[in-house]
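Notes follow once the structure below has been shown.
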Amino acid sequence: MNLPNRITLARICLIPFLMVFLLVDFPFYPEPLHLGSFTLPYNQLIAAFIFIVAASTDGIDGYLARKNNMVTNLGKLLDPLADKLLVTAVLISLVQMGKLDSWIAVVIISREFAVTGLRQIALLDGSVVAASAWGKLKTVVQIVAIVLLLLNNFPFSYTGIHVDEIAVYVAALITIWSGIDYFIKNKNLLHLSKA
């Protein structure tokens with residue numbers, strides 16, 4: 001197993017730790033962090049750090065695999081799987097914590113399933129659905145929105161502007177559009193066979 005695949009596996013291995021810090025109420029947590037009017041529980045701060053580290057490995061493993069000619073079938077399977085597991089785990093956790101509306105989580109997760117299905121159809125057809133600019137933007141906006149939710153809208157909490165909520169809705173809209181864009185650009189894969 002090469003280095004990029006190990007990095008991808010490390011991303012998957014961070015997911016349980018992330019969920020534990022988000023969902024388990026340990027008695028030994030210190031009092032929440034207070035910065036003026038801003039309050040943040042330490043478990044969310046730790047979870048945000050883990051999420052940022054895990055999300056940043058996505059670009060690193062892909063870059064190393066392409067640069068060093070280490071692209072493998074295992075990597076092609078694990079990389080998108082790791083991304084989807086990470087985002088899905090955090091979204092479901094945020095819903096349980098009451099920090100995210102469930103319909104937004106359903107929209108984002110549904111899009112991931114739909115595009116994964118499209119990629120599977122493409123593979124059966126002998127073609128590849130390449131990542132689009134909208135898909136990459138979707139990933140960045142989702143990560144920003146999740147981090148803002150985990151950090152209770154820090155540093156924008158001091159301004160009174162709910163940038164975290166705005167980012168969530170922008171992420172949902174871009175997620176929907178990027179999914180539609182994939183299907184429009186690859187509609188030829190969905191043709192009905194004339195049996």
Side-chain angles (χ1 to χ4, degrees), residues 1-33 39-65 70-117 119-120 131 135-136 138-154 164-165 167-168 171-172 174-175 178-179:
M1 181 174 290
N2 61 32
L3 178 60
N5 290 344
R6 286 195 182 101
I7 294 172
T8 305
L9 278 175
R11 181 157 77 255
I12 293 172
C13 291
L14 285 173
I15 295 170
F17 294 99
L18 175 62
M19 293 190 71
V20 164
F21 280 107
L22 284 177
L23 301 177
V24 178
D25 188 20
F26 291 112
F28 55 79
Y29 280 139
E31 286 295 311
L33 179 66
T39 302
L40 180 67
Y42 277 97
N43 63 312
Q44 283 182 225
L45 182 62
I46 295 168
F49 176 76
I50 294 171
F51 178 77
I52 291 168
V53 169
S56 67
T57 65
D58 181 27
I60 295 170
D61 58 7
Y63 171 76
L64 289 174
M70 294 180 171
V71 177
T72 64
N73 287 333
L74 179 62
K76 291 177 185 176
L77 169 71
L78 287 180
D79 187 56
L81 177 64
D83 299 341
K84 288 167 181 53
L85 287 173
L86 177 65
V87 171
T88 300
V90 177
L91 291 177
I92 292 171
S93 300
L94 289 168
V95 169
Q96 184 170 338
M97 294 166 67
K99 297 178 72 63
L100 180 69
D101 290 336
S102 57
W103 71 266
I104 292 177
V106 169
V107 164
I108 293 173
I109 294 168
S110 297
R111 181 266 185 206
E112 299 302 336
F113 277 114
V115 173
T116 298
R119 290 183 191 278
Q120 293 300 317
K136 292 174 182 176
K138 175 267 308 180
T139 301
V140 171
V141 176
Q142 282 181 3
I143 290 170
V144 169
I146 289 170
V147 170
L148 286 172
L149 287 172
L150 291 175
L151 294 178
N152 290 351
N153 198 36
F154 180 82
D164 55 348
E165 293 179 15
V168 164
I174 293 176
T175 296
S178 69

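Just so you know, residue 1 is the first one in the sequence shown, and it goes up from there.
- Residues L22 and S93 approach most closely at CD1-CB, 3.7 Å, considering heavy atoms.
- Checking side-chain atoms of Q44 against main-chain N and O of L151 turns up no donor-acceptor pair under 3.5 Å.
- Considering only residues two or more places apart in sequence or on other chains, N5 meets the side-chain contact (heavy atoms from CB on, under 4.5 Å) condition with M1, N2, T72, L74.
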Hey, can you pull the donor-acceptor pairs under 3.5 Å for the side chains in residues 46-62, sequence neighbours left out?
residue	atom	partner	partner atom	Å
S56	OG	I52	O	3.2
S56	OG	V53	O	2.7
T57	OG1	R11	NH1	3.1
T57	OG1	A54	O	2.6
D61	OD2	T8	OG1	2.6
D61	OD2	R11	NH1	2.9
D61	OD2	R11	NH2	3.4

Distance-only donor-acceptor hits, side chain of residues 94-111, under 3.5 Å, sequence neighbours excluded:
residue	atom	partner	partner atom	Å
K99	NZ	L149	O	3.2
K99	NZ	N152	OD1	2.6
S110	OG	V106	O	2.6
R111	NE	S178	OG	3.2
R111	NH2	S178	OG	3.1

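- Considering E112, Q142, K138 in turn, Q142 is the only one that fulfils the side chain to side chain donor-acceptor pair (under 3.5 Å) rule with T175.
- Expressed to the nearest 0.5 Å, how far CG of L9 lies from CG of L14 amounts to 11.0 Å.
- For the pair V168 and A145, the tightest heavy-atom approach, listed with the atom from each and the gap, is N-CB, 3.9 Å.
- For R119, the side-chain contact (heavy atoms from CB on, under 4.5 Å) partners two or more places apart in sequence, or in a different chain, are V115, V129, Y182.
- Expressed to the nearest 0.5 Å, how far CG of L148 lies from CD1 of I143 amounts to 12.0 Å.
- For L3, the side-chain contact (heavy atoms from CB on, under 4.5 Å) test picks out I7, L64, with sequence neighbours left out.
- Residues passing the salt bridge (charged side-chain N to carboxylate O under 4.0 Å, His left out) test with K136, sequence neighbours excluded: none.
- Looking at heavy atoms from C-beta onward, L91 lies in side-chain contact with I146 at the 4.5 angstrom threshold.
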